A.B. asks: 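Quick one: this structure, given as structure tokens, is what I'll be asking you about.
Every heavy atom of this structure was used, including side-chain atoms; hydrogens, water molecules and symmetry mates were not. Computed from a predicted structure; not experimentally measured.
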Amino acid sequence: MRVTKAIKKEQLRRLQEVYRDARPALHYTSPFTLLVATILSAQCTDERVNVVTARLFPRLDTPEKMVQLTQSELEGEIHDCGLFRSKAKHILAMSHMLIENYGGEVPEEFDELIKLPGVGRKTANVVRSVYWGYPGIAVDTHVFRVSNRLGLAKGSTPLEVEMGLQKVIPIKDWGHAHHWLIWHGRKICHARKPECEKCFLSDICPSSTVQHSKK
DNA sequence: AACTCGGGGCA
DNA sequence: TGCCCAGAGTT
């Protein structure tokens with residue numbers, strides 16, 4: 001199936017309709033806690049991240065409080081998230097940098113965010129688009145996979161998909177489309193066994209395994 | 001572009 | 001057991 005611009009628009013319309021009430025799955029109360037939760041979410045399910053942050057953020061929700069922990073203490077706090085050594089190192093270094101260079105606040109500029117240890121394009125775009133509503137699509141594994149399957153934005157690298165998505169998604173929806181695509185990837189368009197028979201986009205998805213009589 | 005970090009969930 | 005999970009840094 002050739003994916004026309006009209007089909008892409010229809011895909012987005014249906015995604016918006018079905019996931020209208022989709023909210024961020026990660027628990028956070030501020031830019032800093034969203035930043036930390038997003039770092040913890042790397043290669044880890046959001047359910048597990050929420051278990052860790054639920055007991056972490058009531059006590060440690062600012063850079064100033066975070067840097068009072070030692071490396072090994074923080075590793076113990078986030079152990080269940082996996083990749084805990086590098087994550088703990090990054091979170092501590094990031095907190096120190098926020099205090100020294102940004103007055104303890106999280107900068108809103110993309111170029112400043114990605115200077116922070118442990119923060120790449122994906123994490124920077126999450127904080128900007130989800131918390132502050134800035135333009136920018138965060139491309140994680142779900143967004144990458146679903147976008148490629150739908151033909152919404154094809155690319156061999158996350159950056160190519162990010163640029164492609166920004167051409168087809170209206171600016172006002174960039175923070176929301178991030179959630180539509182993630183929820184769709186979680187609920188239906190799984191990595192290993194996509195449930196195409198349950199998918200409300202199977203008739204206009206070039207990767208669908210469902211047979212359709214009409215083309 | 002490929003490799004590494006990493007414990008837990010699930011087939 | 002083997003593969004996967006809301007990635008980023010290094011080589």
A.B. asks: Considering only residues two or more places apart or on different chains, which pairs with a residue in residues 146-163 of chain A satisfy salt bridge (charged side-chain N to carboxylate O under 4.0 Å, His left out)?
C.D. replies: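 For residues 146-163 of chain A, and leaving out neighbouring residues, the salt bridge (charged side-chain N to carboxylate O under 4.0 Å, His left out) pairs sorted by first residue read A:R121-A:E162.
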A.B. asks: Under the side-chain contact (heavy atoms from CB on, under 4.5 Å) test, which residues partner A:E47, sequence neighbours left out?
C.D. replies: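 Scan of A:E47 (side-chain contact (heavy atoms from CB on, under 4.5 Å), adjacent residues dropped) gives A:T45, A:R186.
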A.B. asks: Do A:V106 and A:L26 belong to the same hydrophobic cluster, where Ile, Leu, Val, Met, Phe, Trp and Tyr are linked whenever their side-chain heavy atoms lie under 4.5 Å apart, directly or via other members?
C.D. replies: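 Yes, because A:V106 and A:L26 connect within a single hydrophobic cluster, where side-chain heavy atoms sit under 4.5 Å apart.
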A.B. asks: Who passes side chain to side chain donor-acceptor pair (under 3.5 Å) against A:E17, sequence neighbours left out?
C.D. replies: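 Scan of A:E17 (side chain to side chain donor-acceptor pair (under 3.5 Å), adjacent residues dropped) gives A:R13.
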A.B. asks: Just how far, in rounded Å, is P of C:dG7 from CD1 of A:I91?
C.D. replies: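 To the nearest whole Å, that distance equals 14 Å.
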A.B. asks: Which of residues 17-30 of chain A have a heavy atom under 4.0 Å from DNA chain C?
C.D. replies: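 Correct list: A:P24, A:A25, A:L26.
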A.B. asks: Check nucleotides 9-11 of chain C for protein N or O atoms closer than 3.5 Å to its own N or O atoms and list the pairs.
C.D. replies:
{"unit_1": "C:dG9", "atom_1": "OP1", "unit_2": "A:G118", "atom_2": "N", "d": "2.9"}

A.B. asks: Taking the side chain as everything from C-beta on, heavy atoms only, tell me whether A:I137 gets closer than 4.5 Å to A:V139.
C.D. replies: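 Side-chain contact under 4.5 Å: yes.
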A.B. asks: Just how far is it from atom OG1 of A:T141 to atom NZ of A:K122, taken to the nearest 0.5 Å?
C.D. replies: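 Output value for this atom pair is 8.5 Å.
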A.B. asks: Heavy atoms within less than 4.0 Å of DNA chain B: which residues of residues 140-159 of chain A have one? Give them sorted by number.
C.D. replies: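 Those residues whose heavy atoms fall under 4.0 Å from DNA chain B, taken from residues 140-159 of chain A in numerical order, are A:T157.
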A.B. asks: Considering residues, nucleotides and ligands other than A:K89, do more than 12 of their heavy atoms fall under 6.0 Å from its NZ?
C.D. replies: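 Open: at most 12 neighbouring heavy atoms sit under 6.0 Å from NZ of A:K89.
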A.B. asks: Tell me the ring pair (Phe, Tyr, Trp, His ring centres under 6.0 Å) pairs involving residues 43-83 of chain A, sequence neighbours left out?
C.D. replies: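 For residues 43-83 of chain A: A:H79-A:F84.
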A.B. asks: Can you tell me how far C1' of C:dC5 sits from CG of A:D46, to the nearest Å?
C.D. replies: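 Distance check: A:D46 CG to C:dC5 C1' gives 10 Å.
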A.B. asks: When the P atoms of B:dG6 and C:dT10 are considered, how many whole Å apart are they?
C.D. replies: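 Going atom to atom, P in each nucleotide, I get 14 Å.
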A.B. asks: Polar-atom pairs under 3.5 Å, protein N or O versus N or O of nucleotides 7-11 of chain B: list them with distances, or write none.
C.D. replies:
{"unit_1": "B:dG8", "atom_1": "O3'", "unit_2": "A:R48", "atom_2": "NH2", "d": "2.6"}

A.B. asks: Which residue pairs pass the ring pair (Phe, Tyr, Trp, His ring centres under 6.0 Å) test with at least one member in residues 9-35 of chain A, sequence neighbours excluded?
C.D. replies: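 Listed once each, the pairs are A:Y19-A:H184, A:Y19-A:F200.
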A.B. asks: Taking A:E77 first and then A:R59, would you say they form a salt bridge - that is, a charged N and a carboxylate O separated by under 4.0 Å?
C.D. replies: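 A salt bridge is present here (some side-chain N lies under 4.0 Å from a carboxylate O).
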A.B. asks: Hey, does A:T38 reach any base, or is it just sugar-phosphate, or nothing, if we go heavy atoms under 4.0 Å?
C.D. replies: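 Since no nucleic acid heavy atom lies under 4.0 Å of A:T38, the category is nothing.
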A.B. asks: A:R128 has an atom CZ; how far is it from atom P of C:dA6, in whole Å?
C.D. replies: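 Interatomic distance, CZ of A:R128 to P of C:dA6: 24 Å.
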A.B. asks: Under the ring pair (Phe, Tyr, Trp, His ring centres under 6.0 Å) definition, can you give me all pairs with a residue in residues 102-143 of chain A, not counting sequence neighbours?
C.D. replies: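 Sorted result for residues 102-143 of chain A: empty, none.
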A.B. asks: To the nearest Å, how far apart are A:L40 CG and C:dA8 C1'?
C.D. replies: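 Computing the A:L40:CG to C:dA8:C1' distance gives 13 Å.
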A.B. asks: A:C81 pairs by side chain to side chain contact (heavy atoms under 4.5 Å, CB included) with which of A:T53, A:L40, A:V51?
C.D. replies: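 Of A:T53, A:L40, A:V51, side chain to side chain contact (heavy atoms under 4.5 Å, CB included) with A:C81 is met by A:L40 alone.
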A.B. asks: For A:K122 and C:dC5, what is the distance between atoms NZ and C1' respectively, to the nearest whole Å?
C.D. replies: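 The answer, rounded to whole Å, is 11 Å.
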A.B. asks: How far, in whole Å, is C:dA6 from B:dA1 if one measures between their C1' atoms?
C.D. replies: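 Straight-line distance between the two C1' atoms is 23 Å.
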A.B. asks: What is the distance from CD of A:E160 to C1' of B:dA1, rounded to the nearest Å?
C.D. replies: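 Answer to the nearest Å: 13 Å.
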A.B. asks: Would you indicate whether A:E105, at its atom CD, is surrounded by more than 12 heavy atoms from other residues, nucleotides or ligands within a distance under 6.0 Å?
C.D. replies: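 Not more than 12 within 6.0 Å, no.
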A.B. asks: Rounded to the Å, how far apart are A:L35 CG and C:dA8 P?
C.D. replies: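 Between P of C:dA8 and CG of A:L35: 10 Å.
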A.B. asks: Does A:R14 pair with A:D203 as a salt bridge, N-O distance under 4.0 Å?
C.D. replies: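 Salt bridge flag = yes for A:D203 with A:R14.
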A.B. asks: Pull out every residue in residues 176-183 of chain A that has a heavy atom closer than 4.0 Å to any atom of DNA chain C, ordered by number, or say none.
C.D. replies: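 Output list: A:H178, A:H179, A:I182.
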A.B. asks: Does one hydrophobic cluster hold both A:V126 and A:W183, with members joined at side-chain heavy-atom distances below 4.5 Å?
C.D. replies: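 No, A:V126 does not connect to A:W183 through the hydrophobic network.
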A.B. asks: Side chains of residues 192-199 of chain A: which donor-acceptor pairs under 3.5 Å do they make with residues two or more places apart or in other chains?
C.D. replies:
{"unit_1": "A:E195", "atom_1": "OE1", "unit_2": "A:K198", "atom_2": "NZ", "d": "3.4"}
{"unit_1": "A:E195", "atom_1": "OE2", "unit_2": "A:H190", "atom_2": "NE2", "d": "2.9"}

